[in-house]
Amino acid sequence: ADMENFQIKLNEAYAKNSYSVLTYKISSQIYKELGDSDNQEKELEKLKALLPLYWNKPETDAGRIFQKNNPWVIELLNKF
C-alpha cells in the first residue's frame with residue numbers, strides 16, 4: 001500500500017513539473033530507502049538528464065561554479 005501511494009504521488013509530481021531536479025532527488029532517495037536500486041538508478045539518470053552539460057566538469061569555470069553551488073548533486077551522483 002505504501003509503495004502504491006508513493007507511485008501515485010510520484011506520478012502526480014511528474015505531471016506537475018517533470019523538470020524538477022528535486023522530484024528526482026527525492027524519489028531516488030526514497031527508492032534507496034526501499035532497497036530498490038534499479039528504480040533509484042533510473043531516477044538518478046533522469047536527474048542527470050536535467051543538469052547542464054558542464055555539471056561534472058570542474059576544470060571549467062561553469063562546472064566549478066555549479067559544483068560549488070550544488071555540492072549535493074556531486075555527492076548524490078558519485079555515490080551511485
Side-chain angles (χ1 to χ4, degrees):
D2 287 340
M3 184 61 144
E4 185 177 322
N5 288 334
F6 168 64
Q7 287 294 334
I8 290 169
K9 295 294 183 187
L10 183 58
N11 288 333
E12 288 174 3
Y14 290 153
K16 288 180 182 176
N17 189 355
S18 62
Y19 296 101
S20 172
V21 169
L22 290 178
T23 298
Y24 299 108
K25 176 185 177 187
I26 292 167
S27 62
S28 73
Q29 291 173 329
I30 291 172
Y31 280 126
K32 179 181 179 183
E33 292 296 318
L34 294 171
D36 188 342
S37 61
D38 289 338
N39 278 320
Q40 179 190 11
E41 184 176 356
K42 288 176 186 174
E43 295 302 297
L44 291 176
E45 289 300 321
K46 292 175 189 175
L47 186 150
K48 277 192 222 178
L50 296 177
L51 298 177
L53 296 176
Y54 52 79
W55 76 268
N56 200 22
K57 293 185 167 76
E59 67 277 5
T60 66
D61 289 341
R64 275 192 300 282
I65 292 168
F66 180 84
Q67 289 187 9
K68 180 180 177 188
N69 292 331
N70 301 284
W72 66 269
V73 171
I74 305 306
E75 187 177 308
L76 181 66
L77 296 176
N78 284 343
K79 284 184 179 177
F80 197 78

Measure the OG-NZ distance between Ser28 and Lys32 for me, rounded to the nearest 0.5 Å. 8.5 Å

Donor-acceptor list for residues 47-63 side chains, cut-off 3.5 Å, not counting sequence neighbours:
from	atom 1	to	atom 2	distance (Å)
Lys48	NZ	Glu45	OE2	3.3
Thr60	OG1	Lys57	O	2.9
Thr60	OG1	Gly63	N	2.9
Asp61	OD1	Arg64	NH2	2.3

If a pair satisfies side-chain hydrogen bond (donor to acceptor under 3.5 Å, both in side chains) and one of its residues is in residues 15-25, list it, with sequence neighbours excluded. Ser20-Thr23

Could you state whether Leu77 and Ile65 fall into the same hydrophobic cluster, counting links through intermediate Ile, Leu, Val, Met, Phe, Trp or Tyr residues with side-chain heavy atoms under 4.5 angstrom apart? no

Nearest 0.5 Å please: distance from the CG atom of Leu76 over to the CG atom of Asn70. 11.5 Å

Mind checking the CD-CG spacing from Gln7 to Asn39? Nearest 0.5 Å is all I need. 7.0 Å

Between Met3 and Phe6, does the side-chain contact (heavy atoms from CB on, under 4.5 Å) criterion hold? Intermediate values first, please. CA-CA 5 Å; Met3 184 61 144; Phe6 168 64; 3.9 Å; yes

Given side-chain contact (heavy atoms from CB on, under 4.5 Å), test Asp36 with Gln40 step by step and report yes or no. CA-CA 6 Å; Asp36 188 342; Gln40 179 190 11; over 6 Å; no

Qualifying residues under side-chain hydrogen bond (donor to acceptor under 3.5 Å, both in side chains), relative to Ser27, sequence neighbours excluded: Glu43

